[in-house]
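Nothing fancy with the numbering, it's 1 onward along the sequence. Quick note: numbers below take in every heavy atom, side chains included, and nothing from hydrogens, waters or symmetry partners.
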Amino acid sequence: MRRTRILTAVLALAAGLLAGGPPALAAGAPEPATALAADTYTWKNARVDGGGFVPGIVFNRSEKNLAYARTDIGGAYRWQESTKTWTPLLDSVGWDDWGHTGVVSLASDSADPDRVYAAVGTYTNDWDPGNGAVLRSTDRGASWKKADLPFKLGGNMPGRGMGERLAVDPHDNDVLYLGAPSGHGLWRSTDAGVTWSQVKAFPNPGNYRQDPSDTSGYASDNQGIVWVTFDESTGTAGTATKTVYVGVADKENAVYRSTDAGATWQRIAGQPTGYLAHKGVLDAENGYLYLAYSDTGGPYDGGRGRLYRYATATGVWTDISPVAEADTYYGFSGLTVDRQNPGTVMATAYSSWWPDTQIFRSRDSGGSWTQAWSYTSYPDRENRYTMDVSSSPWLTWGANPSPPEQTPKLGWMTESLEIDPFDPDRMMYGTGATIYGTENLTRWDSGSKFTITPMVRGLEETAVNDLASPPSGAPLLSALGDIGGFRHTDLTKVPSMMFTQPNFTSTTSLDFAESNPDTVVRAGNLDSGPHIAFSTDNGANWFAGTDPSGVSGGGTVAAAADGSRFVWSPQGAGVHHATGFGTSWSASAGIPSGAVVESDRVDPKTFYGFKSGKFYVSTDGGATFTASPATGLPSGDSVRFKALPGARGDVWLAGGSSDGPYGLWHSTDAGATFTKLANVGEADTVGFGKAAPGASYQTLFTSAEIGGVRGIFRSTDKGATWTRVNDDAHQWGWTGAAITGDPRVYGRVYVATNGRGIVYGDTSDTGGGTDPGPGPDPGPSGACEVTYRITNDWPDGFQAEVRLTNTGSAPWNGWTLNWSFTDGQKVTQLWNAAHTQTGSAVTVRNTDWNGTVAPGSSAAFGFTGSRTGANARPAAFALGDRTCALR
């Protein structure tokens with residue numbers, strides 16, 4: 001759950017983003033020039049569906065079905081109505097700008113729906129070395145331009161559920177406002193987000209800090225300006241809206257107003273005090289500003305809250321709270337108005353952790369309320385809804401709670417709640433783990449039950465700490481922040497449950513026995529209980545081990561090659577070893593506390609460790625370690641290393657920092673000596689996969705900087721040469737936690753991201769991998785028709801949509817569409833399908849969910865492309881060997 005992010009993972013960021021973040025930038029000696037080959041990979045997520053906090057959902061007010069979601073660390077997404085999925089929009093964020101995967105606010109332009117804006121930056125303290133920025137797009141997030149800001153933004157800071165802090169003037173859409181944290185005040189752009197300046201006339205930069213005594217700067221930061229709302233009834237097209245409301249993190253002065261398009265500002269008289277206004281939502285038709293108040297900034301805390309209605313014409317404030325203050329133990333935040341029926345208002349009790357969150361609904365502008373669930377005779381309760389989580393069954397958490405708790409829960413951290421402005425029956429709300437929604441909301445009013453389901457497919461927001469791909473059994477095991485981890489038997493399907501018994505809040509490390517892959521071990525964090533668990537069936541079922549004294553966190557763990565013993569380096573205690581499944585641990589000698597530990601993949605008694613520039617080796621099953629004489633290794637602790645399967649003593653080590661040794665090292669003598677690869681400038685992870693056809697050595701993968709380029713790289717010749725396998729559109733911010741190849745599929749690589757889930761790629765090389773499960777049929781029979789439409793055009797690029805229709809009489813079970821550009825165009829990013837391009841020739845294949853096309857039905861995809869001259873549409877399209885009619 002996102003609740004543990006502050007207690008565990010986020011605090012680790014002070015040492016460098018999940019204990020191994022990108023080091024500070026500094027000039028260093030350039031590595032020898034490296035000729036980089038290139039490969040075309042198809043990238044997907046191993047499906048989890050959700051897994052993190054969604055603090056904001058934004059519907060466009062003028063175009064039906066156009067919606068966006070923001071996450072605290074995992075980027076932004078756009079809703080695809082045709083598939084009921086989310087498309088990621090910020091995968092192009094690179095290593096150096098990793099903080100820009102945290103999205104503090106989104107704004108969709110209702111005057112020009114092609115425009116969308118994102119205010120990005122993850123931390124306002126020194127955990128994030130970079131400043132924030134406002135990203136702007138004229139193609140709905142397919143591509144972005146950036147305006148750097150002179151201050152930081154906090155997508156993963158306290159108060160991130162308030163908002164939206166970024167807003168577009170509905171009448172003059174070149175005007176935007178941005179509420180800044182840290183005392184930087186209110187900012188404005190008058191050129192559609194290209195440049196920004198502070199609104200000097202705004203009187204109050206805020207003063208609320210969650211914990212002023214926090215020396216890290218995390219909880220002690222001023223949460224600042226938290227929302228901006230326009231009164232669209234006070235303007236006309238082409239002229240800036242006159243009345244603007246602004247929410248400030250100040251319990252005594254929470255709401256301000258300008259009636260002259262931002263020239264002057266006044267605190268609204270008569271407003272409630274003692275609370276923070278998390279949201280301000282305006283119903284211009286009835287002249288009401290609704291405000292959701294909490295006594296803290298959230299998203300975890302909040303003990304008291306109120307709902308208020310402000311009559312904009314008369315200045316009258318009315319307390320419309322659905323319950324008496326004495327009966328609240330939570331704050332209000334999620335707040336929405338039904339734009340088709342503006343008297344209908346909904347709000348959430350975002351910080352009601354137990355027994356469940358609560359959602360309130362009023363059909364008379366807050367005069368009276370009903371609620372999503374009520375007690376009948378305590379502890380029994382009656383729900384107005386039913387929940388169907390069959391698409392994401394892990395949302396039950398494998399729990400069996402006692403009433404009044406239920407599983408799955410209605411939610412927690414429910415700071416975002418939106419009714420579709422075009423459809424009163426559709427509502428979406430974000431939680432700490434997913435997006436829930438309904439498409440029959442108005443049943444609430446008739447007394448029949450409405451259905452809540454996850455509406456999150458495509459949105460992947462897990463922080464990945466470790467990955468393993470065994471040679472048999474499940475292709476992928478994962479260690480995740482907040483929701484523990486999963487055993488993926490099919491990468492295209494959501495696993496039925498995360499690891500349980502015990503259910504770690506975050507799994508920090510996992511390993512399997514190389515010659516006995518059914519034996520698996522994982523270590524992790526848990527508020528109370530054991531920090532280690534074992535499996536004898538390849539991770540399908542687990543049982544808890546016993547902690548040695550003093551353990552406070554998971555640390556790293558290693559399994560012997562044959563599964564006969566384990567070495568564990570937990571937080572709070574030194575390195576320990578055990579024979580069997582950890583019922584009795586003994587302290588290891590000769591190795592410092594906090595060392596990273598791994599096992600040799602051949603010799604069951606050989607284990608390795610690393611700490612502060614020293615490599616350690618044990619040949620007696622972890623009982624004693626000896627420091628290696630190897631020198632020149634990284635002096636810090638941002639290091640990850642692995643031993644090669646099938647080769648005794650073959651070890652690869654990656655890591656370092658820009659102010660010292662940094663790169664990739666190789667040892668063939670069990671760590672006695674290491675050789676640094678001269679052609680790798682920086683490296684942060686290393687992993688192994690199936691050898692290339694004709695090669696004798698396993699394929700290497702790394703997240704690294706090679707030849708001056710940051711990326712994901714592959715070597716099939718023991719590191720002599722490297723191929724970059726990702727591209728600039730697929731970077732995912734920080735990828736320094738873990739990487740592994742697949743021992744069964746050549747070219748497949750699994751990449752850990754810090755908020756975009758588990759990404760995996762397959763190569764188009766000869767002998768390359770294919771997706772698990774049924775593959776696409778390259779040549780379905782029957783007639784076909786293609787509609788090719790350029791939807792946006794600019795001097796050096798364009799956006800296009802393609803619709804492929806089955807005009808035959810038999811269904812297609814997979815499809816491949818081919819065409820050639822005539823003017824040298826190049827596809828830069830494509831969604832809702834997979835593509836390759838060689839020269840002018842383009843090949844597009846279905847995804848796992850749109851391969852079946854019935855007669856008369858269509859499959860559609862879109863893409864952005866670059867161009868240097870004309871932009872004629874392709875002359876012909878072919879489905880396999882059949883030419884399609886072109887519309």
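Between the Arg165 side chain and the Ile225 main chain, a donor and an acceptor come within less than 3.5 Å of each other. Judged purely by atom type and a 3.5 angstrom limit, Asp169 uses its side chain to pair as donor or acceptor with the backbone of Thr241. Gln731 contributes no side-chain N or O that, together with a main-chain N or O of Gly733, makes up a donor-acceptor pair within less than 3.5 Å. Panel note: side chain Thr462, backbone Gly51; no donor-acceptor pair is recorded below 3.5 Å. In terms of modelled atom types and a separation under 3.5 Å, the side chain of Thr357 and the main chain of Ala349 share a donor-acceptor contact. A donor-acceptor contact shorter than 3.5 Å links the side chain of Thr508 to the backbone of Gly555. A side-chain donor-acceptor contact under 3.5 Å links Asp356 to the backbone of Gly411. Using modelled atom types, no side-chain atom of Thr505 and backbone atom of Asp527 make a donor-acceptor pair closer than 3.5 Å. A donor-acceptor pair under 3.5 Å is absent between the side-chain atoms of His184 and the main chain of Pro205, judged by distance alone. The backbone N or O of Glu252 sits less than 3.5 Å from a side-chain atom of Arg267, completing a donor-acceptor pair.
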Test side-chain contact (heavy atoms from CB on, under 4.5 Å) on Tyr77 and Val456; report intermediate values, then the result. CA-CA 10 Å; Tyr77 292 80; Val456 73; over 6 Å; no
Could you give me the CA-CA distance, side-chain angles and deciding distance for Tyr275 and Leu291, then say whether side-chain contact (heavy atoms from CB on, under 4.5 Å) is met? CA-CA 11 Å; Tyr275 300 94; Leu291 297 114; over 6 Å; no
side-chain contact (heavy atoms from CB on, under 4.5 Å), that's the test. Do Asp128 and Trp98 meet it? Break it down for me. CA-CA 8 Å; Asp128 186 344; Trp98 63 265; 4.2 Å; yes
Tyr308 vs Arg306, test: side-chain contact (heavy atoms from CB on, under 4.5 Å). Steps then yes/no. CA-CA 7 Å; Tyr308 270 83; Arg306 309 306 289 152; 3.8 Å; yes
Go through the steps for Arg309 and Tyr290 under the test side chain to side chain donor-acceptor pair (under 3.5 Å), then give the verdict. CA-CA 5 Å; Arg309 184 183 70 213; Tyr290 295 96; 5.4 Å; no
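Side-chain contact between Asp637 and Ser612 is present, with at least one heavy-atom pair separated by less than 4.5 Å. You'll find the side chain of Leu135 reaches within 4.5 Å of the side chain of Leu90, heavy atoms only. Counting heavy atoms from C-beta on, the side chains of Lys152 and Tyr123 never come closer than 4.5 Å. Looking at heavy atoms from C-beta onward, Asn131 lies out of side-chain contact with Asp148 at the 4.5 angstrom threshold. Under the 4.5 Å side-chain criterion, counting only non-hydrogen atoms from C-beta, Thr414 is not in contact with Ile359. Side-chain contact between Leu395 and Thr434 is present, with heavy atoms from C-beta onward closer than 4.5 Å. Taking the side chain as every heavy atom from C-beta outward, Thr507 and Asn465 never approach each other to under 4.5 Å. At least one side-chain heavy atom of Val48 sits less than 4.5 Å from a side-chain heavy atom of Ile483.
Judged purely by distance below 3.5 Å, without hydrogens or angles, the side chains of Arg209 and Ser220 never pair a donor atom with an acceptor atom. Side-chain N/O atoms of Asp221 and Ser182 include a donor and acceptor closer than 3.5 Å. For the 3.5 Å distance criterion, the side chains of Gln571 and Ser552 fail to qualify, holding no donor opposite an acceptor. With no hydrogens or angles considered, no side-chain donor-acceptor pair links Asp231 and Thr243 at under 3.5 Å.
Between Thr312 and Leu289, the closest heavy-atom pair is CG2-N, 4.2 Å. The heavy-atom pair separating Pro158 from Ala219 by the smallest distance is CG-CA, 4.2 Å. Pairing each heavy atom of Ala119 with each of Leu153, the nearest pair is CB-CD1, 3.8 Å. Taking every heavy atom of both residues into account, Gly159 and Pro299 meet most closely at N-CD, 4.1 Å. Taking every heavy atom of both residues into account, Ala76 and Leu106 meet most closely at CB-CD2, 4.2 Å. Taking both residues in full, the closest heavy atoms of Ile435 and Met428 are given as CG2-CB, 4.2 Å, listed atom of the first, atom of the second, then distance.
The structure places CZ of Arg756 at 11.5 Å from CD1 of Ile73, a figure rounded to the nearest 0.5 Å. Between the OH atom of Tyr429 and the OG1 atom of Thr336 there is a distance of 14.0 Å, given to the nearest 0.5 Å. To the nearest 0.5 Å, atoms NZ (Lys251) and CG (Leu276) are separated by 6.0 Å. Here Glu418 contributes atom CD and Ile57 contributes atom CD1; the two are 7.0 Å apart, rounded to the nearest 0.5 Å. Rounding to the nearest 0.5 Å places CZ of Arg70 at 14.5 Å from CG of Leu89. Here the OG-CH2 distance, from Ser216 to Trp127, works out to 4.5 Å after rounding to the nearest 0.5 Å.
Judged as a side chain to side chain donor-acceptor pair (under 3.5 Å), and not counting sequence neighbours, the contacts of Tyr256 are Asn204. Under the side chain to side chain contact (heavy atoms under 4.5 Å, CB included) criterion, His531 pairs with Asp547, Val551, Trp568, not counting sequence neighbours.
For Lys146 and Asp97, the salt-bridge test passes: some basic side-chain N is under 4.0 Å from an acidic carboxylate O. Using a cut-off of 4.0 Å between Lys/Arg side-chain N and Asp/Glu carboxylate O, Asp684 and Arg640 are scored as not salt-bridged.
Aromatic pair Phe332/Phe360: centroids less than 6.0 angstrom apart.
When the options Tyr350, Trp397, Tyr300 are evaluated for a ring pair (Phe, Tyr, Trp, His ring centres under 6.0 Å) with Trp412, the one that passes is Trp397. Among Ile268, Thr318, Leu282, the one residue that satisfies the side-chain contact (heavy atoms from CB on, under 4.5 Å) test with Tyr310 is Ile268.
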